[in-house]
Amino acid sequence: INYTISYASACAYGYIIGLGDRHPQNILMIKNSAKLLNIDFGDCFDVTLTRDNYPEKVPFRLTRIMENALDASKTQGSFKSNMVSMINIMKKNKEQILELLEIFIYDPLISLKIKGEEIIEQIKNKLEGKISDKQSLVTEDQVDLLITQASDVKNLVSMYKG
């Protein structure tokens with residue numbers, strides 16, 4: 001249960017900030033509690049979507065091994081409900097999140113391929129459930145779409161095995 005809940009939260013906030021490079025060495029498990037934490041935030045703001053070699057096509061990593069370690073209902077039980085809850089909390093606090101992220105985006109020590117305004121717009125769109133200029137999803141549908149994309153074998157096999 002701790003694994004399922006903490007991974008749902010990590011996937012939710014990782015998706016919102018566009019955190020890539022989520023191979024097993026960048027996901028820390030606390031041994032005594034089975035809680036997971038994302039580590040290594042070097043590839044934020046969806047930069048892995050546009051890299052030349054092995055672009056990531058998943059919003060978070062959800063391989064069969066990771067899915068099989070979830071509770072009995074797999075992705076459709078507490079994983080999904082906790083992810084929905086986490087995204088709803090972030091949606092309610094959208095303005096504070098965007099203000100906080102501006103600090104990192106406009107930091108002169110961080111070199112980004114995309115402009116800060118584009119990054120803010122991408123995150124804002126995610127927090128509003130926008131999947132296109134004309135369509136927004138309620139959080140439950142947004143999470144269903146993310147789970148489908150994250151567990152799609154075609155998307156997963158194109159990633160760097162790291």
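Keep in mind that the numbers below use all heavy atoms, side chains included, and drop hydrogens, waters and symmetry copies.
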Chemist: Where do Ala12 and Met86 come nearest, in terms of heavy atoms and distance?
Modeler: CB-CG, 3.6 Å
Chemist: Nearest 0.5 Å, what's the CG-SG distance between Leu146 and Cys11?
Modeler: 9.5 Å
Chemist: What closest approach, in Å, do Asp46 and Lys126 show between heavy atoms, and which atom pair accounts for it?
Modeler: OD2-NZ, 2.8 Å
Chemist: With a 4.5 Å cut-off on side-chain heavy-atom distances among I, L, V, M, F, W and Y, is there a chain of contacts connecting Ile17 to Tyr15?
Modeler: yes
Chemist: How close do Leu19 and Cys44 get, counting heavy atoms only, and between which atoms?
Modeler: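 Minimum heavy-atom separation between Leu19 and Cys44: CD1-SG, 3.8 Å.
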Chemist: Can you find a side-chain donor-acceptor pair between Thr48 and Asp43 that sits under 3.5 Å?
Modeler: no
Chemist: Taking atom NZ as the centre, does Lys35 end up with more than 12 heavy-atom neighbours from other residues, nucleotides or ligands that are less than 6.0 angstrom away?
Modeler: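 Counting other residues, nucleotides and ligands, NZ of Lys35 stays at 12 neighbours or fewer.
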Chemist: Please answer: with hydrophobic residues joined when any side-chain heavy atoms are less than 4.5 Å apart, are Ile5 and Tyr13 in the same cluster?
Modeler: no
Chemist: Please answer whether the main-chain N or O of Leu98 pairs with a side-chain N or O of Lys124 as donor and acceptor at a distance below 3.5 Å.
Modeler: no
Chemist: Report, as yes or no, whether the 6.0 Å neighbourhood of atom CD1 on Ile39 holds more than 12 heavy atoms from other residues, nucleotides or ligands.
Modeler: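 Enclosed.
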Chemist: Go through it in stages, so that I can follow the logic: the residues are Asn82 and Thr4, the test is side-chain contact (heavy atoms from CB on, under 4.5 Å), and I'd like the CA-CA distance, side-chain angles, deciding distance and then a yes or no.
Modeler: CA-CA 9 Å; Asn82 281 284; Thr4 299; 5.6 Å; no
Chemist: So, taking the atom named CZ in Phe60 and the one named CE in Met83, what distance separates them when rounded to the nearest 0.5 Å?
Modeler: 3.5 Å
Chemist: Output yes when Arg61 and Glu56 qualify as a salt bridge under the 4.0 Å nitrogen-oxygen rule, no when they do not.
Modeler: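 No, this pair does not count.
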Chemist: Is it true that Glu140 and Lys80 have a side-chain N and a carboxylate O under 4.0 angstrom from each other?
Modeler: no
Chemist: If you compare all heavy atoms of Gln135 against all heavy atoms of Leu137, which two are closest, and at what distance to 0.1 Å?
Modeler: NE2-CD2, 3.8 Å
Chemist: Calculate, to the nearest 0.5 Å, the distance between atoms CG and CG belonging to Asn88 and Leu127 respectively.
Modeler: 10.5 Å
Chemist: Tell me whether Tyr7 contacts the main-chain N or O of Glu67 through its side chain, where contact means a donor paired with an acceptor under 3.5 Å.
Modeler: no
Chemist: Would one find more than 12 heavy atoms of other residues, nucleotides or ligands at under 6.0 Å from atom NZ of Lys94?
Modeler: yes
Chemist: Is Asp152 close to Val58 at the side-chain level, that is, under 4.5 Å between some pair of heavy atoms?
Modeler: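 They are not in side-chain contact.
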Chemist: Take a 6.0 Å sphere around CD1 of Ile1 and say whether it holds more than 12 heavy atoms from other residues, nucleotides or ligands.
Modeler: no
Chemist: On a heavy-atom basis, which atom in Gln122 and which in Phe45 lie closest, and how many Å separate them?
Modeler: OE1-O, 3.8 Å
Chemist: Measuring from Leu37:CG to Ile30:CD1, what's the distance to the nearest 0.5 Å?
Modeler: 4.5 Å
Chemist: Look at the side chain of Asn38 and the backbone N and O of Ala10, then say whether any donor-acceptor pair between them is shorter than 3.5 Å.
Modeler: yes
Chemist: If you compare all heavy atoms of Ser73 against all heavy atoms of Ser78, which two are closest, and at what distance to 0.1 Å?
Modeler: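 For Ser73 versus Ser78, the nearest heavy atoms are OG-N, 3.8 Å.
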Chemist: Just by modelled atom types, is the Ala34 backbone N or O under 3.5 Å from a matching donor or acceptor in the Asn2 side chain?
Modeler: no
Chemist: Nearest 0.5 Å, please: how far is CD1 in Ile120 from CD in Glu99?
Modeler: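 The CD1 atom of Ile120 is 9.5 Å from CD of Glu99, to the nearest 0.5 Å.
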Chemist: Using only atom types and a distance under 3.5 Å, with no angle test, would you say the side chain of Asn125 pairs donor to acceptor with the backbone of Lys130?
Modeler: no
Chemist: Quick check for you: to the nearest 0.5 Å, what is the distance between Asp21 atom CG and Phe41 atom CZ?
Modeler: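 Asp21 CG to Phe41 CZ: 11.5 Å, rounded to 0.5 Å.
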Chemist: Judged by atom type as modelled, is there a donor-acceptor pair below 3.5 Å linking the side chain of Gln142 to the main-chain atoms of Glu128?
Modeler: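 Looks like no, no N/O pair under 3.5 Å.
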